[in-house]
Every structure is written in C-alpha cells, then in structure tokens.
Amino acid sequence: MRTVARCLLVVLTALVSMGPARADTTVTFSGSSGEPRPTLRFGTFRQEVREVKKRLRELKFVPGPPGPEYDSALRMAVWAFQKANGLPALDRVDAATWRALARPARIRPLVPWGGSSRVEIDLTRQLLTVWRAGQAVLVSHVSTGARKSYCDRGHCGFADTPPGDFRVGEKVRGWSSGPLGAMYYPVYFNGGIAVHGSTLVPRHAASHGCVRVPLHNAMPLFRMLHPGEAVHVRRPALTRAARA
C-alpha cells in the first residue's frame, strides 16, 4: 500500500507541474498598494508609464522601448494584457487595468496538453502566446483573417485564418512583398499564411488571413519560432469564467 501511495503522489506531482502557467505575480509592484492611480491615456507622457511598461515586460506582454511615452507599442501591449485579463481593449490604463496589473489573471493555454514549446493563436481574443518549457514567454495582440470576401490588387478570396494544428515553415528576414501587401519578418505556418509584423494591427480581425503582429514583436517572434515547431490555432468560445 505504501508503494502504491508513493506512486500516486509522484503522478499527482507531475500532473500539477504540467498544469497551466501563471503570470509572475511575485514581482513587487507599487500598483498593488491600494492607492488611487492616475488614468494613463494613449499619447500622454508620464512617469507612471515607465512603471506600466516595466510591469508588462515582467508579465511577458512586450511594451516596446522604455520611456515615459504612451506610444503605439505600449498601446497594443495594453490591449493584449486587457484582453488576457477579461477586460475590454481600451486606449487607456484605467482603474480596472491597474488592479489587473497588481493581480494578473492566469495565462491559460489553449492546448493544455500540447508540447512544452509551442505557439498558440486565439482567434476569439486576437492573442498570440509563445510557450517555452510550459511557461508563457511572449503574449502579443494580433489581427487575423477578417472572415469576409475581398478583392484587393487583383486578388479575390475569403479572408480567413483557419483553426487547426500546423508547423512553422519558411522564415523570411526583413520586409517581404507579397501579392496582398508588405510583411515584416514573416514566419509561415500554413501554406501562404504567416505570422508577420504590420503597420496596421487594429483591435479587430482585419487581415486577408495572415496573423498580423505589432512591428516591435515581429523580430523577436522571428528569432523565437523554429521550423517544425507546433502552431495551434483555435477559436474558443468566451465564457464568464474566461478570467478565472
């Protein structure tokens, strides 16, 4: 009986260690003091912006270069963080966002029993997450296929980023010109569909089918993603427990 109990303990310990990763909440963050915090808006310059950038970087939501400016890179990092925490994507850091920065939600995997290193693309929340050794190491706002018919530059089709399980394929350095526009550091994973940097990454799905990411995330993703690596694309239904 003791042998059986010991084996069960080992199995349970292994299962717990394979569970969803949590954001790093151990870092000291002044926003957790409970004091009122100022609302930070896109385009403003404030010292508190530096604090938000530092915190987002700790939580793996890449905010772009340091500094006091609430710029475009921070704007999209805040969108990603807000969406991952069940909040509306806004052009400001409001009271709810400050609270979430102090006590961030768990970063839940789309494919809980996927490989320890993989890429996940959430078509519902428009988020991309890179996992390494079971830990989320980069979370980015994205804009995927608009799911509507288009005719652009002589090419017609249906804009869609289909769900499924794929593998990283060809990677192209720098800017690449495709039949439907320019792509920055594209990483292909499903035929002609790639993850790539773009100057236009709105809050909604708006691409022809590719996964657009902010320009400042394109090169890090290019370096991190390796040929043959798993790419899981899902369209999960949002529930009230999405933030739990």
Side-chain angles (χ1 to χ4, degrees), residues 42-43 53 56-57 60-67 69-81 83 89 91 118-130 137-164 166-235:
F42 174 63
K53 288 183 176 181
L56 288 173
R57 190 171 292 107
K60 311 307 179 185
F61 295 84
V62 185
E69 181 184 2
Y70 198 137
D71 55 14
S72 180
L74 176 59
R75 179 191 205 183
M76 286 183 272
V78 168
W79 288 352
F81 177 78
K83 291 186 293 182
D91 285 343
R118 64 191 187 279
V119 184
E120 295 183 342
I121 298 169
D122 186 331
L123 299 175
T124 303
R125 294 187 297 172
Q126 297 288 284
L127 288 173
L128 178 150
T129 304
V130 179
V137 296
L138 189 153
V139 185
S140 176
H141 163 70
V142 300
S143 181
T144 60
R147 304 191 78 188
K148 63 181 181 181
S149 299
Y150 69 87
C151 282
D152 189 3
R153 308 182 192 193
H155 296 269
C156 296
F158 184 76
D160 189 29
T161 308
F166 310 97
R167 296 281 176 181
V168 172
E170 182 184 7
K171 300 166 58 176
V172 181
R173 291 183 177 276
W175 284 100
S176 175
S177 296
L180 295 172
M183 299 176 290
Y184 189 58
Y185 279 87
V187 178
Y188 292 88
F189 66 90
N190 178 14
I193 296 177
V195 174
H196 68 82
S198 174
T199 57
L200 182 61
V201 192
R203 276 176 281 198
H204 59 280
S207 81
H208 294 99
C210 282
V211 179
R212 300 178 189 172
V213 299
L215 287 178
H216 72 280
N217 280 342
M219 192 179 297
L221 285 169
F222 181 90
R223 292 170 176 166
M224 295 172 71
L225 307 187
H226 305 294
E229 183 172 356
V231 180
H232 303 292
V233 184
R234 298 289 188 271
R235 194 183 302 278

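Just so you know, residue 1 is the first one in the sequence shown, and it goes up from there.
- Of all the heavy atoms in P227 and K171, the pair that sits closest is CD-CD, 4.2 Å.
- In plain terms, the two heavy atoms of G145 and A205 that are nearest each other are O-CB, 3.4 Å.
- Atom CD1 in I121 sits 7.5 Å away from atom OG1 in T161 (nearest 0.5 Å).
- Proximity of F166 to H232: side-chain heavy atoms (C-beta onward) are nowhere separated by under 4.5 Å.
- Classified by interplanar angle (parallel below 30°, tilted 30° to 60°, perpendicular above 60°), the ring pair F42/Y70 is perpendicular.
- A heavy-atom distance below 4.5 Å is found between the side chains of Y188 and V172.
- The two residues G67 and K53 come nearest to each other via the heavy atoms O-NZ, 3.3 Å.
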Are R147 and D160 close enough, and set up right, to give a side-chain contact (heavy atoms from CB on, under 4.5 Å), and what steps lead you there? CA-CA 5 Å; R147 304 191 78 188; D160 189 29; 3.8 Å; yes
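- The heavy-atom pair separating R57 from P66 by the smallest distance is NH2-N, 4.2 Å.
- Nearest approach of A77 to L56, heavy atoms of both residues: CB-CD1, 4.2 Å.
- Put simply, OG on S140 and CD on Q126 are 11.0 Å apart, with the number rounded to the nearest 0.5 Å.
- Of all non-hydrogen atoms in S198 and V201, the two that sit nearest each other are O-CG2, 3.6 Å.
- Atom-to-atom distance recorded for R173:CZ and Y185:OH is 6.0 Å, nearest 0.5 angstrom.
- Remark: S72 OG to L215 CG distance equals 8.0 Å, nearest 0.5 Å.
- Atom-to-atom distance recorded for R167:CZ and L225:CG is 13.0 Å, nearest 0.5 angstrom.
- Using a 4.5 Å heavy-atom cutoff, the side chains of P162 and N190 are in contact.
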Test F189 against E229 for side-chain contact (heavy atoms from CB on, under 4.5 Å), laying out the working first. CA-CA 9 Å; F189 66 90; E229 183 172 356; over 6 Å; no
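- With H141 contributing its side chain and R75 its backbone, the two residues share no donor-acceptor pair below 3.5 Å.
- Distance CE/M76 to CG/D71: 9.0 Å, rounded to 0.5 Å.
- Under a 3.5 Å cut-off, the side chain of S143 and the backbone N or O of A206 do form a donor-acceptor pair.
- Side-chain contact between L128 and L221 is present, with at least one heavy-atom pair separated by less than 4.5 Å.
- Side-chain contact between D91 and R203 is present, with heavy atoms from C-beta onward closer than 4.5 Å.
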